[in-house]
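Data block below; observations after.
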2 protein chains.
Amino acid sequence: MTETVKTEGFDLLGFLPYLLNQAAEESSLTFQKLYKDRYGLLRTEWRVLFHLGMFGEMTATDIGSRAKIHKTKISRAVHSLAKRRYLKRTPSDTDRRVEWLVLTPAGEAVYRDLRDTAQAYEAKLLQGFSDADVAHLKRVLARLGGVGESNHVTEA
Amino acid sequence: MTETVKTEGFDLLGFLPYLLNQAAEESSLTFQKLYKDRYGLLRTEWRVLFHLGMFGEMTATDIGSRAKIHKTKISRAVHSLAKRRYLKRTPSDTDRRVEWLVLTPAGEAVYRDLRDTAQAYEAKLLQGFSDADVAHLKRVLARLGGVGESNHVTEA
DNA sequence: GCTTGTTAGTTACAAAAACAACTATTACCA
DNA sequence: TGGTAATAGTTGTTTTTGTAACTAACAAGC
């Protein structure tokens with residue numbers, strides 16, 4: 001077939017959600033290999049681990065609120081991470097529904113390793129772009145994704 | 001808990017794959033409601049439909065190569081779209097392994113409706129950003145995601 | 001104190017995706 | 001030719017996710 005595009009003013013290849021997905025998938029897939037091959041972690045597990053590594057002790061709800069991950073996914077990731085002894089769960093003594101989550105030394109070690117790997121990977125991903133480009137990109141993405149807003153995930 | 005971040009120079013909230021994912025998920029989820037509620041389409045089905053709408057007749061492999069979707073997902077999406085009479089499959093007469101896929105008039109109608117909706121949605125998403133911001137963002141994303149390279153999906 | 005509503009987190013079931021193995025056909029090449 | 005490798009596409013099975021419904025605990029108003 002020829003390369004003729006038979007649309008009327010619409011360009012899928014310039015459609016933002018499409019571009020976002022392609023870029024996100026590309027970077028996710030590459031990075032996924034790292035935490036999966038090295039530690040057998042799932043995407044959500046990695047995300048929970050990173051949040052705990054970054055922010056220290058949090059509750060499951062805190063993590064979900066920050067990362068906009070649904071609570072059932074958090075619940076399963078926490079369960080799995082606890083089973084591997086990467087984190088410790090401590091019931092709150094002011095509210096018995098709540099559990100505080102902290103990384104164990106083993107979890108910390110995994111976090112540090114993956115964090116360093118992540119940084120190296122990001123550097124590679126961004127080589128060829130200027131600092132201004134990168135700063136601009138990140139600012140726009142943060143705004144599009146609502147990062148930092150700490151909104152709660154809408155219930156099912 | 002307090003807002004103290006106890007990391008050494010790493011910022012998850014500025015980590016590119018994280019930002020990409022947050023932004024992509026945000027826009028995907030919002031747009032998903034549209035094609036799901038209106039036509040009961042799955043994500044991959046929508047993507048296949050759009051590619052056929054954009055580029056006209058293609059094979060399943062063409063689509064997978066362009067959109068970097070795995071062939072099993074394409075296969076099932078094509079099956080489902082054909083069952084709904086949104087596309088027609090025609091065996092190639094030069095290579096009996098190959099099938100040409102084209103949208104039916106019904107499929108075209110769905111495509112046009114969703115395309116217009118997509119444009120409106122994108123406009124809303126981008127309101128508040130300057131034209132220069134948008135152009136810059138799209139250029140960087142296209143490069144990050146390798147859009148336009150037409151690479152084949154790595155086999156399982 | 002009771003009733004009603006809300007929140008934290010889990011569990012069970014259904015939908016979708018990932019992964020692997022397969023058929024059929026074509027391409028390559030000695 | 002004939003044999004091996006590669007390609008198009010499908011199917012079956014396993015994981016992972018999405019969704020809903022649930023338990024337990026707390027909060028607020030009366």
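The model shown is predicted, which means the values in this text are computed figures rather than measured ones. Throughout, protein chains are lettered first and strands after them, A, B, ... in sequence-line order, and every chain is numbered starting at 1.
Between dT16(D) and T44(A), no contact under 4.0 Å exists linking OP1 or OP2 to a side-chain N or O.
With hydrophobic clusters built from ILVMFWY side chains whose heavy atoms lie under 4.5 angstrom apart, Y121(B) shares a cluster with L137(B).
By the 4.0 Å N-to-carboxylate-O rule, E25(A) lies too far from R43(A) to be salt-bridged with it. Taking the charged nitrogens against the carboxylate oxygens, E45(A) and R84(A) do have a contact shorter than 4.0 Å, which makes a salt bridge. Here E108(B) does not pair with K88(B) in a salt bridge; the nearest charged N to carboxylate O distance is not below 4.0 Å.
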Polar atom pairs (N or O), protein with nucleotides 24-27 of chain C, under 3.5 Å:
| unit_1 | atom_1 | unit_2 | atom_2 | d |
| --- | --- | --- | --- | --- |
| dT25(C) | O2 | R97(B) | NH1 | 3.2 |
| dT26(C) | OP1 | R96(B) | N | 2.9 |

Report all interatomic pairs (protein N or O, nucleotide N or O of nucleotides 10-13 of chain D) with separations under 3.5 Å.
| unit_1 | atom_1 | unit_2 | atom_2 | d |
| --- | --- | --- | --- | --- |
| dT10(D) | OP1 | R89(B) | NH2 | 2.5 |
| dT10(D) | OP2 | S75(B) | OG | 2.7 |
| dT10(D) | O5' | S75(B) | OG | 3.4 |
| dG12(D) | N7 | R76(B) | NH2 | 2.9 |
| dG12(D) | O6 | R76(B) | NH1 | 2.9 |
| dG12(D) | O6 | R76(B) | NH2 | 2.9 |

Please enumerate all protein N or O atoms sitting under 3.5 Å from an N or O of nucleotides 3-5 of chain C, with distances to 0.1 Å.
none

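Considering only heavy atoms from C-beta on, W100(A) stays 4.5 Å or farther from R89(A) through its side chain. Looking only at side-chain heavy atoms (C-beta outward), I63(A) and M58(A) come within less than 4.5 Å of each other. Here the side chains of L16(B) and S27(A) are not in contact, with every heavy-atom distance at 4.5 Å or above. At a threshold of 4.5 Å between non-hydrogen side-chain atoms, the residues D133(B) and L126(B) do not count as touching. Residues H136(A) and V140(B) are not in side-chain contact: their nearest non-hydrogen atoms beyond the backbone lie 4.5 Å or more apart.
L41(A) places its CG atom 15 Å from the C1' atom of dT16(D), with the value rounded to the nearest Å. Regarding I69(B), its CD1 atom lies at a distance of 17 Å from the C1' atom of dC19(C), rounded to whole Å. Distance CD (E45(B)) to C1' (dA15(C)): 12 Å, rounded to an integer number of Å. As rounded to whole Å, 13 Å separates atom C1' of dG9(C) from atom CG of D62(A). Straight-line distance from the CH2 atom of W100(A) to the C1' atom of dG9(C): 15 Å, rounded to whole Å. Following rounding to the nearest Å, L42(A) (CG) and dT14(D) (C1') show an atom-to-atom distance of 13 Å. Per the geometry, CH2 belonging to W46(A) stands 14 Å off P belonging to dT17(D), to the nearest Å.
Ring geometry, W46(A) versus F50(A): the interplanar angle falls from 30° to 60°, so the pair is classed tilted.
When distances are taken from the side chain of K73(B) to each of dA8(D), dT17(D), dA18(C), the shortest belongs to dA18(C).
Listed in residue order, the members of residues 24-38 of chain A having a heavy atom less than 4.0 Å from DNA chain C are K36(A).
Under the rule for a salt bridge (Lys or Arg N to Asp or Glu O under 4.0 Å), the partners of K33(B) that lie at least two apart in sequence or sit in another chain are D37(B). By the salt bridge (Lys or Arg N to Asp or Glu O under 4.0 Å) test, R85(B) pairs with no residue at all, sequence neighbours left out.
Among L103(B), D62(B), V102(B), the one residue that satisfies the side chain to side chain contact (heavy atoms under 4.5 Å, CB included) test with L52(B) is L103(B).
Geometrically, R47(A) does not engage Y18(B) in a cation-pi contact, judged by NZ or CZ lying under 6.0 Å from the ring centre and within 45° of the ring axis.
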